Asks: 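The structure that follows is given in the form of structure tokens.
No experiment lies behind these values; they were computed from the predicted model shown. Order of appearance sets the numbers: ligands from 1, and atoms from 1 within every ligand.
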Amino acid sequence: MNTVLGTDVTLRLSRKSHETIDWARSWKTTLFSLLEDVPNHYRHLVASISIDGTSATTLIVDSNTGQPLSKPLLYNESCPDALPLVKSIAPVNHTVCSASSTLCKLVSWWNSADSNKESATLLHQADWLLWFLHGKLGVSDYNNALKVGYDPEIDSYPPWLLAQPYSQLLPYVKAPGTSIGNLKEDIRSQFGFPNDCIACTGTTDSIAAFLAARATLPGQAVTSLGSTLAIKLLSSNRIDDARFGVYSHRLDNMWLVGGASNTGGAVLRQIFTDDQLENLSKQIDPMKTSPLDYYPLTSIGERFPEADPQMAPRLHPRPESDVEYLHGILESIARIEGKAYRLLKDLGASEVAEVLTAGGGSKNEKWTKIRERVLGLPVSRAIQTEAAYGAALLALKGAQS
Ligand SMILES: Nc1ncnc2c1ncn2[C@@H]1O[C@H](COP(=O)(O)OP(=O)(O)O)[C@@H](O)[C@H]1O
Ligand SMILES: O=C(CO)[C@H](O)[C@H](O)COP(=O)(O)O
């Protein structure tokens, strides 16, 4: 029997200004502390390791040292300066035609960098952290590489992208859960992993959550209620439309159609502690419709189901009662989720039949009932709600192939 390790190292914006956080150092520290947390009596049994990270979280690193050449750009950061140029080379409404796409982040760096262009490589958060384990720089997976322009249907970067001068920075792409190679000797000896332990390509956090939920039939969907609201609907056909922030990830021979809204738990965390969320939620009647109409965001900008970088948060008027306020916020997020699923149907995806829930918000039973009422669909908590479990399934896939 294989023992495998999956880690979800997505780190979210904390209350501090994210200008003050050394993100790359935080991620590396988090990874190595997670490896330290593996009980010693399991470490010699670990056959394979994989990592999921936030999508479009981008690093430009030195091809020789792997060290970042500039500040990493997070999943929800945008580079609108690059959008006109990206739109001029990509097909209309292509996934990369979003200011928060990885390609916009690459083009923005390329146009502003005055050195190191010849010895630079683009990596995503999960790619860079896996590199510490296997030591082969420049390897990614076709889920993380989607937003830089990789086309998982042709298993290649498209000609319009390869023709660009910065295509030399693009990472080599493998399927998620594919062996990259054995762990480096220093990592094996530092943590006591076996000589034949391998590192496998990872995926993004919301796809790892989908894998963890074990949805296998077209029409099954997973909503990840984490810091953000990420939606993945298993569909037999591919839908991509940047006008609405809709794109399709490949999952073997099917498609995960969806997108990621900037609404979600990060807004709740700005207002309530987890204990307050639990205690206030107990007092909510989920069958009662909230009259409050919010668009809960932590800052200006929305990706999906409206791709509007100028959308402002709407969290007022605030009622006297915190129970009513939380009810209004949870119901408003549910309305955004409902709008997202209706949009996918209107764009031609398989019709959603049931919604499984992952992420921290999945434990809120009152929210689940509110969502079931608003969506008009069966909504339940996935048996496995942690993205790390999905990453472990990818490690297992790599160990068995
Ligand atoms: N009882 C609750 N009801 C609703 N949301 C909750 C509850 N407890 C925690 N959360 C939310 O879950 C989020 C954390 O979930 P998690 O899946 O770990 O997010 P991420 O991996 O994106 O950081 C937080 O933003 C928090 O507000
Ligand atoms: O919101 C996010 C972080 O939580 C990411 O954008 C999320 O990973 C969705 O992106 P993808 O659909 O590519 O997985």
Side-chain angles (χ1 to χ4, degrees), residues 7-15 30 52-58 73-78 95-96 98 100-102 124-126 141-148 150 152 176 202-212 222-233 240 245-251 255-282 284 296 298 301-304 326-327 329-330 333-334 340 357-368 370-371 381-382 384-391:
T7 57
D8 170 39
V9 289
T10 50
L11 268 179
R12 304 299 171 183
L13 294 174
S14 68
R15 288 192 173 85
T30 300
D52 72 84
T54 48
S55 177
T57 292
T58 306
L73 289 173
L74 300 185
Y75 64 97
N76 61 348
E77 291 189 80
S78 295
T95 300
V96 298
S98 155
S100 62
S101 74
T102 312
H124 308 88
Q125 182 189 44
D141 63 271
Y142 59 52
N143 294 142
N144 271 295
L146 184 80
K147 295 176 181 176
V148 75
Y150 188 82
T203 186
T204 68
D205 58 348
S206 73
I207 293 178
F210 184 92
L211 296 174
V222 174
T223 294
S224 293
L225 292 178
S227 297
T228 64
L229 168 71
I231 280 176
K232 290 281 171 291
L233 168 62
D240 296 306
V246 173
Y247 48 83
S248 293
H249 276 290
R250 178 178 163 187
L251 183 69
W255 295 99
L256 290 179
V257 182
S261 163
N262 287 335
T263 197
V267 184
L268 295 170
R269 195 152 266 175
Q270 278 189 332
I271 305 167
F272 304 107
T273 65
D274 286 6
D275 286 345
Q276 287 171 326
L277 287 173
E278 189 173 345
N279 295 326
L280 292 169
S281 295
K282 285 174 185 168
I284 291 173
T298 58
E302 175 56 314
R303 296 177 289 172
F304 166 77
L326 177 60
H327 187 171
I329 295 173
L330 296 180
I333 295 174
T357 315
S362 64
K363 62 172 157 262
N364 189 319
E365 292 174 7
K366 294 293 185 70
W367 198 2
T368 299
I370 291 170
R371 294 170 51 228
R381 184 179 192 188
Q384 294 292 346
T385 62
E386 290 296 330
Y389 188 89

Asks: With nothing but distance in play, are any N or O atoms of S281 less than 3.5 Å from an N or O of ligand 1?
Replies: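 No - when backbone and side-chain N and O of S281 are compared with those of ligand 1, no distance drops under 3.5 Å.
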Asks: Taking 4.0 Å as the limit for heavy-atom contacts, which would you say applies to W367 with ligand 1: side chain only, backbone only, both, or neither?
Replies: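 It is the side chain that gets close, since no backbone atom is under 4.0 Å.
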Asks: Purely on distance, is any nitrogen or oxygen of L268 under 3.5 Å from one on ligand 1?
Replies: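 No - when backbone and side-chain N and O of L268 are compared with those of ligand 1, no distance drops under 3.5 Å.
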Asks: With sequence neighbours excluded, tell me which residues meet ring-ring contact (aromatic ring centres under 6.0 Å, His included) with H327.
Replies: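 So H327 forms no ring-ring contact (aromatic ring centres under 6.0 Å, His included) with any residue.
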Asks: Below 3.5 Å, N or O to N or O, backbone or side chain included: is there any such pair between Y75 and ligand 2?
Replies: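 Y75 vs ligand 2: no N/O contact under 3.5 Å.
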Asks: For A266 and ligand 1, answer yes if some heavy atom of the residue is under 4.0 Å from a ligand atom, otherwise no.
Replies: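 Yes, A266 has a heavy atom closer than 4.0 Å to ligand 1.
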Asks: Show which atoms of ligand 2 fall inside a sub-4.0 Å distance from at least one heavy-atom site of K147.
Replies: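 Selected atoms, number and element: 6 (O), 10 (O), 11 (P), 13 (O).
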Asks: If we only count heavy atoms from C-beta on, is the D205 to Y75 side-chain gap below 4.5 Å?
Replies: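 No. Closest side-chain heavy atoms not under 4.5 Å.
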Asks: Checking side-chain contact (heavy atoms from CB on, under 4.5 Å) between S248 and each of L146, V257, L256, which is the one that passes?
Replies: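 Of the listed residues L146, V257, L256, the side-chain contact (heavy atoms from CB on, under 4.5 Å) partner of S248 is V257.
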Asks: For Y247, counting its heavy atoms only, list the atoms of ligand 2 lying under 4.0 Å from any of them.
Replies: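 Every atom of ligand 2 under 4.0 Å from some heavy atom of Y247: 9 (C), 10 (O), 11 (P), 12 (O), 13 (O).
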Asks: Could you tell me if K366 and S281 have a donor-acceptor pair between their side chains, going purely by distance under 3.5 Å?
Replies: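 Distance-only check fails for S281 and K366.
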Asks: Going from OG on S55 to CG on N144, what distance comes out if it is rounded to the nearest 0.5 angstrom?
Replies: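 Taking OG in S55 and CG in N144, the distance rounds to 6.0 Å.
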Asks: Atom CD of residue position E365 - does it have more than 12 heavy atoms of other residues, nucleotides or ligands inside 6.0 Å?
Replies: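 Counting neighbours around CD of E365, 12 or fewer heavy atoms of other residues, nucleotides or ligands fall under 6.0 Å, so no.
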Asks: Could you list which atoms of ligand 2 come closer than 4.0 Å to a heavy atom of H249?
Replies: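 Checking each atom against H249, I get 11 (P), 12 (O), 13 (O).
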Asks: Is the closest N or O pair between N364 and ligand 1 shorter than 3.5 Å?
Replies: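 In this structure, N364 places an N or O atom under 3.5 Å from an N or O of ligand 1.
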Asks: Under a 3.5 Å threshold, yes or no: a donor from one side chain and an acceptor from the other, between Q270 and T298?
Replies: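 On atom types as modelled, these side chains do not qualify, holding no pair under 3.5 Å.
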Asks: Identify, by atom number and element, the atoms of ligand 2 in contact range of A260, meaning under 4.0 Å from any of its heavy atoms.
Replies: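 Every atom of ligand 2 under 4.0 Å from some heavy atom of A260: 1 (O), 6 (O), 9 (C).
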Asks: Which of the atoms of ligand 2 are close to T204, meaning less than 4.0 Å from one of its heavy atoms?
Replies: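 Near T204, the atoms of ligand 2 are 11 (P), 13 (O), 14 (O).
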Asks: Under the rule for side-chain hydrogen bond (donor to acceptor under 3.5 Å, both in side chains), what residues qualify as partners of T95, not counting sequence neighbours?
Replies: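 Expected list: none.
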Asks: Distance under 4.0 Å to a non-hydrogen atom of G265: what atoms of ligand 1 satisfy this?
Replies: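 This gives 25 (O), 27 (O) as the contact atoms.
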Asks: Locate the shortest heavy-atom distance separating G245 from F304; write the atom from each residue and the value.
Replies: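 The answer is O-CD1, 3.5 Å.
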Asks: In terms of atom number and element, which parts of ligand 2 are under 4.0 angstrom from non-hydrogen atoms of T54?
Replies: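 In order of number, 3 (C).
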Asks: Should you measure from each heavy atom of G359, which atoms of ligand 1 turn up under 4.0 Å away?
Replies: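 In order of numbering, the contacting atoms are 17 (O).
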Asks: Enter the distance from N262:CG to N76:CG here, rounded to the nearest 0.5 Å.
Replies: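 Reported value, rounded in 0.5 Å steps: 5.5 Å.
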Asks: Using a heavy-atom cut-off of under 4.0 Å, does the side chain or the backbone of S224 touch ligand 1, or both, or neither?
Replies: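 For S224, no heavy atom sits under 4.0 Å from ligand 1.
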